Amino acid sequence: MKPDAGAGERYALYVHCQTTLVSTFRQLYRDQLTFGGNRSILLEADRPLSKAAKAALRHCIALALTYHRSGAKDYL
């Protein structure tokens, strides 16, 4: 995770862009999270996450950490 360049108080959680992770995250959580292209989840430093967004982010991190362990990359 690092500050999103030129975006003020925005931070981004990056994943490898050649995975299907952000596409999967977007399909699952488009209403709870904000995305940056095909490689990141964007977070506002001055805006607390809702309970639903925290749960979604937790799930996305778990999916990212286990991406290569799973033979099936389709989580839907």
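Note that the structure is predicted; figures quoted are calculated from it, not measured.
Residues Phe35 and Ile41 meet the side-chain proximity criterion, which asks for heavy atoms closer than 4.5 Å.
The stretch residues 36-57 participates, sequence neighbours left out, in no ring-ring contact (aromatic ring centres under 6.0 Å, His included) pair at all.
The OG atom of Ser40 sits 10.5 Å away from atom CZ of Phe25, with the distance rounded to the nearest 0.5 Å. For the atom pair OG1 (Thr34) and CZ (Arg26), the distance works out to 10.0 Å, reported to the nearest 0.5 Å. Rounding to the nearest 0.5 Å gives a distance of 13.5 Å between NZ of Lys51 and CD of Gln32. Atom-to-atom distance recorded for Leu28:CG and Leu33:CG is 10.0 Å, nearest 0.5 angstrom. Atom CZ of Arg10 sits about 10.5 Å away from atom CG of Asp46, to the nearest 0.5 Å.
In plain terms, the two heavy atoms of Asn38 and Cys17 that are nearest each other are ND2-O, 3.3 Å.
When atom types are taken as modelled, the side chain of Ser50 and the backbone of Ala53 share a donor-acceptor pair closer than 3.5 angstrom.
Among residues two or more places apart in sequence or in another chain, the side chain to side chain contact (heavy atoms under 4.5 Å, CB included) test is passed with Ile61 by Leu13, Leu57, Leu65. With sequence neighbours left out, His59 forms a ring pair (Phe, Tyr, Trp, His ring centres under 6.0 Å) with Tyr29. Taking the side chain to side chain contact (heavy atoms under 4.5 Å, CB included) definition, one finds that Thr19 meets it with Val15, His16, Leu21, Tyr67, sequence neighbours left out.
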